[in-house]
Amino acid sequence: MSRRDQIKLSPEEIQAFLENQKTANVATIGKNGRPHLVSLWYLPEGDTLTTWTYESSQKVANLRRLAQATVLVESGESYEELVGVMLECDVELIEDTERITEIGSALTLRYTGSEEVAAAASQFVRAQAAKRIGLVFRPTKIVSWDHGKLGGTY
């Protein structure tokens, strides 16, 4: 077995990892051909990630030209602790305000951990949804690693 095969995550491990992490680094391609990299909060749905962002953002302009992105979710403080999932994705842009509001509400709940806070923020979320767009990242290729599976050997 190759070292690469030894560190690869199973589909179940990928799903659990994405559910337990909070920040994704998202790369789109700018009009100059260079990667444009930003961090986003997300909602995991299996290996699909959903989020919202301002419609006027650079990443949305890039995605309107080329609806593809590479997403990296990674954790670990030292080499032997590195765990990560890289997703090459086709991206769907959601422009329906009700769906965007649902995404914003779900993000609020996930990141505050409180149904009370999410309910209290519902009017704010609805107002924000008018200025935002939803993004659904659907993987076409997934690469994963867990260096801890090597047991401290390289």
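Model, not experiment: these values are computed from the prediction. When reading the values below, keep in mind they use all heavy atoms of this one structure, side chains included, and skip hydrogens, waters and symmetry mates. FYI, the numbering just counts along the sequence from 1.
With sequence neighbours excluded, the residues forming a side chain to side chain donor-acceptor pair (under 3.5 Å) with Glu92 are Arg138, listed by chain and number.
Leu43 and Val38 fall within the same hydrophobic cluster, where Ile, Leu, Val, Met, Phe, Trp and Tyr residues are linked whenever their side-chain heavy atoms come under 4.5 Å apart, directly or through other members. Leu93 is connected to Ile100 through a chain of hydrophobic side-chain contacts under 4.5 Å among Ile, Leu, Val, Met, Phe, Trp and Tyr, so both are in one cluster. No continuous path of hydrophobic side-chain contacts links Leu72 to Val136 [ILVMFWY only; heavy atoms under 4.5 Å].
Sorted by first then second residue, the salt bridge (Lys or Arg N to Asp or Glu O under 4.0 Å) pairs that include residues 94-106, not counting sequence neighbours, are Arg64-Glu95, Glu98-Arg126, Arg99-Glu102. Applying the ring pair (Phe, Tyr, Trp, His ring centres under 6.0 Å) test to residues at least two apart or on different chains, the pairs with a partner in residues 108-135 are Trp41-Tyr111. Sorted by first and then second residue, the salt bridge (Lys or Arg N to Asp or Glu O under 4.0 Å) pairs involving residues 10-30 (not counting sequence neighbours) are Glu13-Lys149. Pairs engaging residues 23-32 under the salt bridge (Lys or Arg N to Asp or Glu O under 4.0 Å) rule: none recorded [sequence neighbours left out]. Residue pairs meeting the ring pair (Phe, Tyr, Trp, His ring centres under 6.0 Å) criterion with at least one partner in residues 6-31, sequence neighbours excluded, are absent.
In summary, the side chains of Glu74 and Trp145 do present a donor paired with an acceptor at a separation below 3.5 Å, with no hydrogens or angles considered. With no hydrogens or angles considered, no side-chain donor-acceptor pair links Gln21 and Tyr42 at under 3.5 Å. Between the side chains of Glu80 and Ser78, at least one donor-acceptor pair of N or O atoms lies under 3.5 Å. No donor-acceptor contact under 3.5 angstrom links the side chains of Thr140 and Asp90, judged on distance only.
Nearest heavy atom pair, residue Ala24 against residue Val73, reads CB-CG2, 3.8 Å. For Asp47 against Ile142, the heavy-atom pair with the smallest separation is OD2-CD1, 3.3 Å. Contact record, Lys59 with Leu40: CE-CD2, 3.7 Å, taken as the closest heavy-atom pair.
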Stepwise, does the side chain to side chain contact (heavy atoms under 4.5 Å, CB included) test hold for Ile103 with Arg132?
CA-CA 10 Å; Ile103 293 167; Arg132 294 186 181 245; over 6 Å; no
Report the C-alpha separation of Leu135 and Ile94 in whole Å, then their side-chain angles, then the decisive distance to 0.1 Å, and conclude whether the side chain to side chain contact (heavy atoms under 4.5 Å, CB included) test is met.
CA-CA 6 Å; Leu135 303 174; Ile94 306 291; over 6 Å; no
